[in-house]
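Numbered from 1 within each chain, the chains take letters A, B, ... in sequence-line order. Since we're looking at a predicted model, the values are computed, not measured.
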Protein chains: 2
Amino acid sequence: MVTLKQLAKELNVSISTVSKALNNSEEIGEETIRRVKELAGLYNYKPNKVALSLKQNKTKTIGVIIPDILNHFLAKVLFGIEREAAKYGYNIITCISNESLDQEKDSLRLLANGSVDGFILSVAEETQVKNEIEHFKKTISQGLPIVMFDRVAHDVMCDKVIVDDFDSTYNATKSMVLEKRKNIAFITTLDGLSVGKLRERGYKKAILEHNLNPNLILKVKKKDDHQKKILNFLKKNKTIDGVIAADSSSGIIAINAAINLGLKVPKDISVIGFASKSDSYHTLPKLTTIRQHAKEIGAYAAQLLINRLQNKDAEEDIKTKIVKTTLIKSNSTL
Amino acid sequence: MVTLKQLAKELNVSISTVSKALNNSEEIGEETIRRVKELAGLYNYKPNKVALSLKQNKTKTIGVIIPDILNHFLAKVLFGIEREAAKYGYNIITCISNESLDQEKDSLRLLANGSVDGFILSVAEETQVKNEIEHFKKTISQGLPIVMFDRVAHDVMCDKVIVDDFDSTYNATKSMVLEKRKNIAFITTLDGLSVGKLRERGYKKAILEHNLNPNLILKVKKKDDHQKKILNFLKKNKTIDGVIAADSSSGIIAINAAINLGLKVPKDISVIGFASKSDSYHTLPKLTTIRQHAKEIGAYAAQLLINRLQNKDAEEDIKTKIVKTTLIKSNSTL
DNA sequence: GTGAAAGCGCTAACAA
DNA sequence: TTGTTAGCGCTTTCAC
């Protein structure tokens, strides 16, 4: 990489002249600017990002810490963050906490050394279970703003972007009630998470309001054979005529399991699941899905953070943005 | 963030003394080291990464450019890269090219300003179609090494990590021949990609060797209704008794479509697809999969790059690592 | 209109 | 054993 110094030497001018010329300073003569820019173009000069960061004490880089990159929703949020950040000239450093509190702490600590200007993160499962928030508070007190999305720690004062989890399942369940379903089950792999609990509560509320069977909840653990669990669950509870799935895999598996058991979907049993469009193609009939608008969530999170970074003096109040889900009817419901 | 300067002032010693003490220099007295470390601990001192990068002319950061973060395979490779890089103290800046040549160029250009020490990337579809490689060569000539994985540009001199695509489908097809399948189809969404073509060739070779019907190839485009295409294909070609899918979605959809058409899997029709373990749970029976060992691919790529970064003088020959796939038999084949 | 110099935070060669 | 100084690449204030 060519530096200002080298350009200056070759042009027989000072470093500062070159710097000013490249920045179109009024101070510099037209002819000089022309000469400088020509040579800079020739050598494909680009200001060294690191030097700039040191000088300006900001890196134009955002640290993103996500629990699991293989989770389609989280990957899509990451995509949304990257897209939005790029618009404003920000780069993304990605760390994966693997749902581990220690890894989350490490990532936060490692990047809080001037590597990034702020963080966007979704809280690791272990962190939520243990309800630890000190590492977040510490980071913020060091002057590094955090924006949390989806799985948030409510007791941390920071901007947040969340989904209306409770309402989503409440409404989805009610839509099944309208189909005259009497035994609507709830399947989740997210029992340890705040969002999982909210989704369960939304479902339960609708069930109670309509005096339906409240004992049709299946909680699947990471280690379980997901497919076998759901198959057995449907076998043992032959009355089930509707399934609300708190995650995409459970919805897909539920449909395929039902078909495997000789049930007609949606005639005998309806299924709704949190999932993306591409997931919905994984079943036949296609899955009716609760869309979380992951990309938009990422974009909002990026906007909130960048906004805060660029108004550091303003110190605005913290904001919580709720991104409403959309129920996209497909062929797994009536 | 507290700096050496502040610590030095408070301790009434020079900046370099503090620096040396923190680095356990032999030059510094034990007592001084103790005092310095105590205060540093108290203030939670961390050396400023940006200053270090500037000083040492390396960032310990790797630029990763992937075409699509929603692709499970690519996301898993990213995971592998991140894990391996973290072991060596490297961070990952992620850019998503969205299969676009311009975005790929942009990312390369933007990060080649001192932001990263090198790149790991998988070539965008548009880049492969247009067969552009100048931007890669230029980056390498600027002293930034590149490691390519999966979709590589063979004419670029750089380290590569690839999958034995040809052999995978050749062997998978032969395994179906052993099942006495007579009309084995090939379904792909990857027609524009080098890996897609290799997979098709491997399939074709096996088909020709056994004098089987070579006209059972279905190419699905991004915009097509994936499910409808495959359903129609199976309807029109009732003789099909085996499917090799070049991507995970096609495999999943093929199984569900076959079941929907009243076929028994694997009795009437076998299906094999490139997919990960979690994908294989999306069908019932579970999909027999060609595993690409995405995480290992990522880890190798990271190793190759870091190795090159740390032996810059050595200038070793370029390497191409082939990661062999594994055929994991499940219940969608006999 | 151009240049010298300071400084961002750090390391390291050299001086004391 | 400790301190001084230079320098990484850049911007910017202040002289000239």
Q | Along DNA chain D (nearest heavy atom to each residue), the more 5'-positioned of B:T17 and A:K5 | A |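 Final value for this comparison: B:T17.
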Q | Position toward the 5' end of DNA chain D (nearest nucleotide), B:E30 or A:T3 | A |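 The 5'-side residue here is B:E30.
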Q.
Using five pairs at each end of the helix from C:dG1-D:dC16 to C:dA16-D:dT1 to define an axis, what is the angle between those two axes, to 10°?
A.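 Rounded value for the end-axis angle: 60°.
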Q: With heavy atoms under 4.0 Å as the rule, sort B:V50 into base, sugar-phosphate or nothing.
A: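 Nothing, no nucleic acid heavy atom in range.
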Q) Base, sugar-phosphate alone, or nothing: which one does B:T32 contact when heavy atoms must sit under 4.0 Å apart? A)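 Answer is sugar-phosphate: B:T32 comes under 4.0 Å of backbone atoms only.
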Q) Is a side-chain N or O of A:D159 found less than 3.5 angstrom from the main chain of A:V147, in a donor-acceptor match? A)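 Such a contact is absent between A:D159 side chain and A:V147 backbone.
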**Q.** Criterion salt bridge (Lys or Arg N to Asp or Glu O under 4.0 Å) against A:R151, the qualifying member of A:E125, A:E99, A:E104
**A.**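 The single option meeting the salt bridge (Lys or Arg N to Asp or Glu O under 4.0 Å) with A:R151 is A:E99.
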Would you say [X] has more than 12 foreign heavy atoms packed within less than 6.0 Å of its [atom1]?
| X | atom1 | value |
| --- | --- | --- |
| B:K60 | NZ | yes |
| B:E31 | CD | yes |
| B:K295 | NZ | no |
| B:L42 | CG | yes |
| B:Y300 | OH | no |

Tell me: [atom1] of [X] to [atom2] of [N], nearest whole Å?
| X | N | atom1 | atom2 | answer |
| --- | --- | --- | --- | --- |
| A:L22 | C:dT2 | CG | P | 13 Å |
| A:N12 | C:dA4 | CG | C1' | 16 Å |
| B:I33 | D:dT2 | CD1 | C1' | 12 Å |
| B:L54 | D:dC8 | CG | P | 9 Å |
| B:N57 | D:dG7 | CG | P | 16 Å |
| A:L11 | C:dT2 | CG | C1' | 13 Å |
| A:K60 | D:dC10 | NZ | P | 18 Å |

Q: Give the minimum heavy-atom separation between A:K49 and B:S115, together with the two atoms involved.
A: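 Result for this residue pair: CG-OG, 3.4 Å.
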(Q) At under 4.0 Å between heavy atoms, how does the protein contact nucleotides 11-16 of chain C? Give one character per nucleotide, 5' to 3', with B, S or -. (A) BBBB--
Q.
Just by distance, no angles: are the side chains of B:K76 and B:N71 close enough, under 3.5 Å, to form a donor-acceptor pair?
A.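 There is no such pair between these side chains.
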